[in-house]
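Both backbone and side-chain heavy atoms feed into the values below; hydrogens, waters and symmetry mates do not. Labels below follow one simple rule: chain letters A, B, ... track the order of the sequence lines, proteins then strands, and each chain is numbered from 1.
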Amino acid sequence: MPELPEVEVVRRTLAPHLEGETITRVEVRAARLREPLDAAAFARDAAGRRILGLRRRAKYLLIDLEGGTTLVIHLGMSGRLAVTDAAAAGSEATNAEPPLHEHLVVHLASGRRLAFRDPRRFGQAFTLPTATLDADRRFRHLGVEPLAAQGGLTGELLERAAAGRRGPVKPFLMDATVVVGVGNIYASEALFEAGIHPKRSVARIAAQRWQRLAAAVRDVLQRAIDQGGTTLNDFSDAEGNAGYFQVSLAVYGREGEPCRRCGEPVRRLTQAGRGTFYCPGCQT
DNA sequence: CGTAGACCCTGCGCGC
DNA sequence: TGCGCGCAGGGTCTAC
């Protein structure tokens with residue numbers, strides 16, 4: 001479900017509800033996610049701690065806690081986070097059955113709860129020492145943050161990363177060791193915006209086109225954030241609102257439909273097991 | 001070293 | 001109506 005824009009939208013909508021709150025306890029309902037949820041670690045690192053702030057690295061949501069610990073949540077493909085207020089939590093409690101696939105519930109001192117639901121169980125939740133977070137195996141290999149004010153994504157960076165490589169540009173763009181946050185939707189969209197064919201070898205892209213691609217990635221991601229993310233099936237922000245960038249998608253999910261620029265039917269192909277959408281008229 | 005493929009898991013929409 | 005199939009926004013590991 002979520003790429004960088006969706007995680008960023010969740011972060012922004014979640015932050016006002018969580019900052020300054022204190023975690024009373026973390027309830028693990030189903031531990032078997034991609035990595036097992038460690039209830040003992042949550043009890044040790046999160047219970048009783050105040051929430052200082054929310055950050056994002058790549059597609060990971062980082063909840064910084066008092067005491068030097070960060071609660072890390074990754075939404076995987078189908079993860080959702082939602083805050084429910086005290087009244088709703090109370091009425092739910094009387095309703096017995098918890099929502100399906102609600103694997104983790106963070107209880108807050110105000111009575112509100114942060115619930116993590118993830119049907120496909122590709123998500124993750126774990127705690128790390130804040131100071132050494134970047135050294136963790138899940139973070140240390142990550143590439144540049146595309147929208148960073150300083151050191152964001154540039155054409156030079158893409159060109160340098162591509163040096164000595166072969167392979168098509170679309171999987172390259174989704175390689176998190178190069179640039180983070182670009183998933184399957186926005187890779188197709190950015191390549192359309194840059195006019196580059198998804199199968200073009202990274203060895204055959206000139207400096208000027210790398211510039212265009214870097215700019216397109218930043219532009220597509222920023223526009224998606226501004227529009228609340230892309231809601232194809234089930235994405236919603238922390239307050240349950242759907243995004244609406246899906247109406248701005250140029251190619252993703254539009255196989256057979258006319259290109260909005262040239263009218264050619266949008267085509268679909270498979271790369272590295274994922275669907276790629278492109279316009280044969282606009283992308284070379 | 002870089003790349004391709006399998007795999008983790010559940011749900012949905014489609015064609016029959 | 002029911003069933004099987006393919007597909008789905010992510011990431012990691014193994015084999016070449």
- Message: Looking at A:Lys170, is its backbone amide N or carbonyl O close enough to the side chain of A:Gln271 to form a donor-acceptor pair, meaning the two atoms are under 3.5 Å apart?
- Response: no

- If we take the P atom in both B:dG5 and C:dC7, what is their distance in whole Å? 15 Å

- Message: What is the distance, to the nearest angstrom, from the CG atom on A:Leu4 to the C1' atom on C:dG11?
- Response: 16 Å

- Query: Once you round it to whole Å, what is the distance between P of C:dG11 and NZ of A:Lys59?
  - Reply: 4 Å

- Query: A:Leu100 has a side chain; which of C:dG9, B:dG11, C:dG11 sits nearest to it?
  - Reply: B:dG11

- Query: Roughly, in whole Å, what's the span from CG in A:Leu33 to P in B:dT10?
  - Reply: 11 Å

- Mind checking A:Arg121 for me? I need base, sugar-phosphate or nothing, with any heavy atom below 4.0 Å counting as a touch. sugar-phosphate

- Could you check how far CG of A:Leu142 sits from C1' of C:dG10, rounded to whole Å? 13 Å

- Message: Strictly distance-based, threshold 3.5 Å: is any side-chain N or O of A:Arg209 a donor or acceptor partner for the main-chain N or O of A:Gly195?
- Response: yes

- Task: Considering only NZ, NE, NH1 and NH2 on the basic side and carboxylate oxygens on the acidic side, decide whether A:Glu35 and A:Arg137 come within less than 4.0 Å.
- Result: yes

- Does C:dG10 have OP1 or OP2 sitting under 4.0 Å from an N or O in the side chain of A:His74? no

- OP1 or OP2 of C:dA8 sitting under 4.0 Å from any side-chain N/O of A:Arg120? no

- Would you mind classifying the nucleic acid contact of A:Asn233 as base, sugar-phosphate or nothing, using non-hydrogen atoms under 4.0 angstrom? base

- Task: Could you tell me whether the side chain of A:Thr127 reaches within less than 4.5 Å of the side chain of A:Leu65, counting heavy atoms only?
- Result: no

- Does A:Arg165 pair with A:Asp175 as a salt bridge, N-O distance under 4.0 Å? yes

- Quickly work out the A:Tyr244 OH to C:dG9 C1' distance and round it to whole Å. 19 Å

- Going by an N to O cut-off under 4.0 Å, is there a salt bridge joining A:Arg223 and A:Glu189? no

- Query: Does A:His101 put a side-chain nitrogen or oxygen below 4.0 Å from OP1 or OP2 of B:dC9?
  - Reply: no

- Message: Side chain of A:Pro2, heavy atoms from C-beta onward: which of C:dG10, B:dG11, B:dA4 has the nearest atom to it?
- Response: C:dG10

- Task: Take the protein atom CG of A:Asp118 and the nucleotide atom C1' of B:dC9, then report the distance between them rounded to whole Å.
- Result: 9 Å

- Task: Verify the contact: side-chain N or O of A:Arg117 to OP1 or OP2 of B:dG11, cut-off strictly under 4.0 Å; return yes or no.
- Result: no

- Which base, if any, makes a Watson-Crick or G-U wobble pair with C:dT1, both distances under 3.5 Å? none

- Query: A:Leu75 CG to C:dG11 P: how many Å, rounded?
  - Reply: 10 Å

- For the side chain of A:Arg165, starting at C-beta, report the closest nucleotide among C:dA8, B:dG2, C:dG9. B:dG2

- Just checking A:Tyr252: base, sugar-phosphate only, or nothing, at a heavy-atom cut-off of under 4.0 Å? sugar-phosphate

- Message: Taking any heavy-atom pair under 4.0 Å as a contact, classify A:Arg274: base, sugar-phosphate, or nothing.
- Response: base

- Message: Looking only at the side chain of A:Glu3 (C-beta and beyond, no hydrogens), which of the listed nucleotides C:dG9, B:dC8, B:dT10 gets closest?
- Response: C:dG9

- Counting heavy atoms from C-beta on, name the nucleotide in C:dG9, C:dG10, C:dC7 closest to the side chain of A:Arg268. C:dC7

- Closest-nucleotide ordering on DNA chain C, the 5'-leading residue of A:Arg137 and A:Phe122: A:Phe122

- Query: Base, sugar-phosphate, or nothing for A:Gly183, non-hydrogen atoms under 4.0 angstrom?
  - Reply: sugar-phosphate

- For B:dC8, what is the paired nucleotide under Watson-Crick or G-U wobble rules, both distances under 3.5 Å? C:dG10

- Between C:dG9 atom P and A:Leu221 atom CG, what is the distance in whole Å? 16 Å

